[in-house]
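First up is the structure itself, then whatever we jot down about it.
Within every chain, numbering begins at 1; the chains are lettered A, B, ... in the order of the sequence lines, protein sequences first and strands thereafter.
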Amino acid sequence: NLTDRLQSVFKTLRGHAKLTEGNIAEALREVRLALLEADVNFKVVKRFINQVQERAVGKEVFKSLTPGQQVIKIVHEELVDLLGREKAAMVRAPMPPTVVMLVGLQGSGKTTSCAKLAKTFKKEGRQPMLVAADIYRPAAIDQLKTLGTQIDVPVYAPGTDINPVEICESGLAAAKREGIDTVILDTAGRLHIDRALMDELRNIKSKTNPSEILLVADAMTGQDAVNIAQSFNNDLDISGVILTKLDGDARGGAALSIKSVTGKPIKLVGMGEKLDPLEVFHPDRMASRILG
Amino acid sequence: LGERKDITSEILDDLEELLLLSDIGVTTTMRIMNGLRDKLRKNEIRDACFVRGFIRSEIESILNYGSIDTLWEDHDPPHIIMVVGVNGVGKTTTIAKLARHYRDQGKTVFLAAGDTFRAGAIQQLQEWGKRVNAEVISQAEGSDPSAVAWDAVAAAKSRHADILIIDTAGRLHTQFNLMEELKKVHRVVGKNMPGAPHEILLVLDATTGQNAVAQARLFSEAVRVTGIALTKLDGTAKGGIVISIVNDLKLPVRYIGIGERMDDLRDFDPRTFAAALFE
Ligand SMILES: Nc1nc2c(ncn2[C@@H]2O[C@H](COP(=O)(O)OP(=O)(O)OP(=O)(O)O)[C@@H](O)[C@H]2O)c(=O)[nH]1
Ligand SMILES: Nc1nc2c(ncn2[C@@H]2O[C@H](COP(=O)(O)OP(=O)(O)OP(=O)(O)O)[C@@H](O)[C@H]2O)c(=O)[nH]1
Ligand SMILES: [Mg+2]
Ligand SMILES: [Mg+2]
């Protein structure tokens, strides 16, 4: 693993020495490889390594740490800073209902995450409603209705003959009439390069004015994470990210890529298929996971 | 001479970046780049501008492993295909596309609703079955997937279906119990028809990074994966993860998914795929 690789890089450097450009070049090469293996985007890695180098050069090697540990400590801290130290809470609208919109690529875990959110809101004493705005995927509405029944949350589902923008608009109107305080919009998966479908999302946004637009991204996404995140953010000005399937063994470098190109916080993570709550994002745990 | 060295190193840097950005992975990229630098040093490649073409054909030959129509001419019908993979990669949709492909050839196709766990999974396959004109064998939600598989094989045999495609629930390769469940489905199918399933397709999502390698490895250890279907190539991801998988695990890529409709399936073509990496 990275710690062992850095130990061997530094085996000739002792305490009281300074970290110089020369002696950390090799170490930074190892860090670069580790980040690429973890699926952090190539360009994001480049920027990150430069940042680490600026911080590391000139530092004295602490007596209590080996030079390898010193570099890892700097890398780890830099990673945590980048991933977002401040805990980003979920935003609520000044006047109910709060609208939360989930968007993302096909199969990333939006529908499941909508249900997890609804269940959590309900436990917090809120009155959530789910809106079935995916009219394209076969039985998508059945899927959301089944989940709604499982967690005893109403599902607004006028069917596949109404367009998604109208579904979201009328869902919001229905929510206002029925004392619902949180509306969760489950949108269809789509490609960030599908102009018509991205415009559909922009229309839903302008008609429902969400307090949260959350990009749902799969933790095992590779280099493409930057393209996806950048597009969704440029089109919608997302408010945050939900990273799903973190219960697998993907290193999750996509987290760094996404945060780095959008600047938007990773608010929640999905840790399973069942409807257990989405968990709070822990940047320090994510940093360790990415570094392997 | 010094300027030529600079141009060469810039070309090589650009190439390395392109390979990494395609999700080819660090180890495979380094191996390709080292092999390339070696050839340049020995003057086996005349000039740095021939480098891309050289790498493209090297990748193409790696991917040329295993041709497509060899699998099902040598046994009685039904030809049984089991489809596996992690969550959300496109298994159910790929099954619909395959069913459509075989229906176009005039074959009778049965589908087994082997995902008895996820909300709406059975209905999703039933909806597709109607659209592509394939009969769906299912049981109640929550029933044992092996029981559904057994039933489906029995039905396909007794009613003379040409093809049976078995859908399974998405599962992470790290979930021990679910991988055991998959092995059981595999065994049960073989019990009802020796030699079956004749094909086991592992579905991989082209947007996936290096985790795809672990997926391929562990699914192949659990069941006899015979090929890969790489989905969502209509996006911007290049799907370079298949290169090390084909090379190291000797698993051929059979199909690619290029969209969400029933016609959006293509036979894998190594040449087009390798060329697309360089676009
Ligand atoms: N292991 C695991 N599986 C998950 C998680 N979140 C979702 N899934 C599974 O991933 C698959 C896809 O989830 P969906 O909720 O249908 O994804 P989606 O984004 O709504 O898909 P589309 O609507 O087709 O774009 C399902 O099998 C889910 O059970 C998670 O955190 N962990
Ligand atoms: N753009 C695109 N989307 C695809 C492709 N294949 C599948 N999808 C979409 O990906 C999403 C997930 O597809 P499913 O077939 O439900 O995936 P799955 O592997 O069966 O999912 P689980 O059963 O929940 O594990 C759906 O929205 C599909 O329409 C493809 O080739 N291109
Ligand atoms: Mg969905
Ligand atoms: Mg499925």
Please evaluate residues A/D134 and A/K110 with respect to the criterion salt bridge (Lys or Arg N to Asp or Glu O under 4.0 Å), reporting the C-alpha separation (whole Å), side-chain torsions for both, the decisive distance (0.1 Å), and the verdict. CA-CA 11 Å; A/D134 181 353; A/K110 296 174 293 299; over 6 Å; no
Please determine whether a side-chain nitrogen of the Lys or Arg among [X] and [Y] lies less than 4.0 Å from a carboxylate oxygen of the Asp or Glu.
| X | Y | answer |
| --- | --- | --- |
| A/K245 | A/E273 | no |
| B/E16 | A/R32 | yes |
| A/D235 | A/R195 | yes |

In terms of heavy-atom pairs under 4.5 Å with chain A, which of [options] leads?
| options | result |
| --- | --- |
| B/K232, B/H173, B/R118, B/E127 | B/R118 |
| B/G120, B/G209, B/A212 | B/G209 |
| B/N87, B/L172, B/V86 | B/N87 |
| B/E17, B/R171, B/Q175 | B/E17 |
| B/M30, B/Q124, B/E141 | B/Q124 |
| B/D23, B/L125, B/I241 | B/D23 |

[X] portion near chain A, given a 4.5 angstrom heavy-atom threshold:
| X | result |
| --- | --- |
| B/E260 | side chain |
| B/Q215 | side chain |
| B/T174 | side chain |

Looking at [options], which makes the most heavy-atom pairs under 4.5 Å with chain B?
| options | result |
| --- | --- |
| A/A219, A/S108, A/P138 | A/P138 |
| A/D39, A/I193, A/L36, A/D142 | A/D39 |
| A/Q150, A/H192, A/R137 | A/R137 |

Any side-chain heavy-atom pair from [X] and [Y] closer than 4.5 angstrom?
| X | Y | result |
| --- | --- | --- |
| A/V131 | A/D186 | no |
| B/V84 | B/V203 | no |
| A/F232 | A/M198 | yes |
| B/T231 | B/I256 | no |

Between [X] and chain B, with a heavy-atom cut-off of 4.5 Å, which part of the residue counts as in contact: side chain, backbone, both or neither?
| X | answer |
| --- | --- |
| A/D249 | both |
| A/R251 | neither |
| A/D194 | neither |
| A/L191 | side chain |
| A/L144 | neither |

What is the minimum heavy-atom distance between [X] and [Y], and which atoms define it?
| X | Y | result |
| --- | --- | --- |
| B/V132 | B/M262 | CG1-SD, 4.0 Å |
| A/L185 | A/I204 | CD1-CG2, 3.8 Å |
| B/A121 | B/D115 | CB-OD2, 3.3 Å |

